[in-house]
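When reading the values below, keep in mind they use all heavy atoms of this one structure, side chains included, and skip hydrogens, waters and symmetry mates. Chain naming here is simple, since letters A, B, ... match the order of the sequence lines and numbering starts at 1 in each.
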Amino acid sequence: MIDAKTNPPLREVYTALFKRWGPQGWWPAQSRFEVMIGAILTQNTSWTNVERTIANLKLNGYLSLEKVHSCSAITLAKLIRSSGTHHVKAKRIKNLTEWLYNEYAGNIGLMFKRDTPTLRRQLLHINGIGKETADCILLYAGKRPVFVVDTYTRRVLQRHGWIDDKYSYDEIAARFEQLWGKQTISKRAHVFNEYHALVVKLAKEHCLSRPDCRECPLEKWPCVINYP
DNA sequence: TGCCAGGCCGGGT
DNA sequence: ACCCGGCATGGC
């Protein structure tokens, strides 16, 4: 007996989303360091505000590890003001760069030679980097096959009755990761990259702005609860 | 105008 | 083990 709760159609959902919108080209950045900074800046913050910040950092020549590491947290905070909670985020970014220098001599290439479980554990030890931020770095800067679970992912899954709200981050990620378990690492990384980006697109451009959900790519799987 | 955005931490039960 | 306030800007 297969019910949607224990066996949600996550593969079919991916197919439907990808067929509808195609590849999303995430993460929008020109370097791995830019991905890492962006992952912290976007915590509870809209991407348009982060874009402003990234542009400002670039304009002032602060989009390099060396520069960010050598400046003060106050200086950095002023530069990233448009992302909100800037004093908190300046400290978090400094924590990250300090760790990069202490652990990897400021060499991001060296850092990404680590295996995924070790690297994830290390990232989670940095104050200001939680599971989603760590996984964004692993997936979008490191091409590791980890699934990023954000609030949009939870909402979409809940809305269709595929999870209840007590599911942990790791349990949800494992559901996705297991479904592509037999694929190669690069194939999984590619799918998880596009999948997360497509969920964000679905939530932002459909579910949030159109509660009626007409033309929804997931109309084959009707919503069972109202969108929160 | 008030509410929210691609979270996370620390202190309190 | 949960629950909650704080952080803070810019867009609708």
Side-chain angles (χ1 to χ4, degrees), chain A residues 13-14 17 21 23-29 32 34-57 59-60 73-99 120-142 144 146-159 163-173 176 189 191-211 226-228:
Chain A
V13 164
Y14 175 68
L17 292 175
W21 285 315
Q24 298 299 298
W26 276 35
W27 186 288
R32 289 180 291 190
E34 188 179 326
V35 174
M36 297 169 85
I37 298 299
I40 292 175
L41 290 174
T42 197
Q43 290 170 358
N44 200 37
T45 302
S46 61
W47 182 250
T48 55
N49 282 6
V50 177
E51 281 181 314
R52 222 187 286 291
T53 297
I54 296 287
N56 193 42
L57 288 171
L59 186 68
N60 289 277
I74 296 295
T75 300
L76 185 57
K78 288 176 183 166
L79 288 165
I80 66 171
R81 194 172 153 278
S82 61
S83 282
T85 60
H86 51 291
H87 291 107
V88 172
K89 286 174 181 173
K91 181 60 180 155
R92 289 177 179 177
I93 290 170
K94 295 294 286 182
N95 290 343
L96 174 63
T97 60
E98 201 165 325
W99 169 76
R120 188 171 196 260
R121 204 158 36 239
Q122 289 185 340
L123 287 168
L124 291 175
H125 275 294
I126 301 169
N127 191 300
I129 296 189
K131 288 176 179 177
E132 189 189 334
T133 305
D135 287 343
C136 279
I137 291 171
L138 289 169
L139 176 62
Y140 291 109
R144 305 305 172 89
V146 298
F147 195 93
V148 176
V149 180
D150 60 7
T151 53
Y152 289 155
T153 310
R154 283 181 180 280
R155 285 187 201 168
V156 171
L157 292 176
Q158 284 180 23
R159 183 178 194 186
I163 62 166
D164 48 52
D165 51 14
K166 65 187 175 189
Y167 274 57
S168 71
Y169 183 103
D170 291 325
E171 284 171 334
I172 294 173
F176 286 92
V191 170
F192 298 155
N193 178 325
E194 297 298 342
Y195 206 149
H196 174 56
L198 287 164
V199 167
V200 172
K201 187 174 182 70
L202 172 73
K204 277 164 51 169
E205 300 196 7
H206 259 273
C207 299
L208 288 179
S209 55
R210 302 188 192 178
N226 290 328
Y227 206 83

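- Using a 3.5 Å distance cut-off with no hydrogens or angles, the side chains of A:Y140 and A:D135 do not pair a donor with an acceptor.
- A donor-acceptor pair under 3.5 Å links the side-chain atoms of A:T45 to the main chain of A:S83, judged by distance alone.
- At whole-Å resolution of the value, NZ in A:K166 and P in C:dA1 are 16 Å apart.
- For the pair A:L123 CG and B:dG7 C1', the interatomic distance rounds to 15 Å; values are reported in whole Å.
- OP1 or OP2 of B:dA5 lies within a sub-4.0 Å distance of a side-chain N or O belonging to A:R155.
- For the 3.5 Å distance criterion, the side chains of A:N56 and A:T53 fail to qualify, holding no donor opposite an acceptor.
- Between B:dC8 and C:dG10, the two P atoms lie 22 Å apart (nearest whole Å).
- Summary of the strand contacts: A:N127 and A:C136 both lie near DNA chain B, and taking for each the nucleotide with the nearest heavy atom, the more 5' one is attributed to A:C136.
- Within the 4.0 angstrom heavy-atom criterion, no nucleotide atom of any strand lies near A:I40.
- For B:dG7, neither phosphate oxygen OP1 nor OP2 lies less than 4.0 angstrom from any side-chain nitrogen or oxygen of A:T42.
- For A:W47 and A:W26, the distance between ring centers is not under 6.0 angstrom.
- Rounded to whole angstrom, the span from the CZ atom of A:R154 across to the P atom of B:dA5 amounts to 15 Å.
- Remark: C1' of B:dC8 and CD1 of A:I126 are 13 Å apart, rounded to the nearest angstrom.
- Within 6.0 Å of NZ on A:K201 lie more than 12 heavy atoms contributed by other residues, nucleotides or ligands.
- Nearest-nucleotide assignment on DNA chain B puts the 5′-proximal partner with A:H196, out of A:H196 and A:G128.
- When both pairing distances are held under 3.5 Å, C:dG10 makes a Watson-Crick or G-U pair with B:dC4.
- Remark: P of B:dC8 and CD1 of A:I93 are 14 Å apart, rounded to the nearest angstrom.
- A:N193 places no side-chain N or O within donor-acceptor distance of the main-chain N or O of A:A189, the cut-off being under 3.5 Å.
- Distance noted for atom P between B:dC4 and C:dG5: 14 Å (whole Å).
- Between the CD1 atom of A:I172 and the P atom of B:dG7 there is a distance of 13 Å, rounded to whole Å.
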For this session: Could you go through the salt bridge (charged side-chain N to carboxylate O under 4.0 Å, His left out) check for A:R120 and A:D170 one step at a time?
Result: CA-CA 12 Å; A:R120 188 171 196 260; A:D170 291 325; 3.4 Å; yes
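- The distance from atom CG of A:L41 to atom C1' of B:dA5 is 14 Å, rounded to the nearest whole Å.
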For this session: Sugar-phosphate means primed atoms, P, OP1 and OP2; the rest is base. With that split, encode nucleotides 6-12 of chain C 5' to 3' as B, S or - using protein heavy atoms under 4.0 Å.
Result: -BBBSS-
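- At the heavy-atom level, A:L124 lies nowhere under 4.0 Å from the strands shown.
- A straight line from CD1 of A:I137 to C1' of B:dG7 spans 13 Å, rounded to a whole angstrom.
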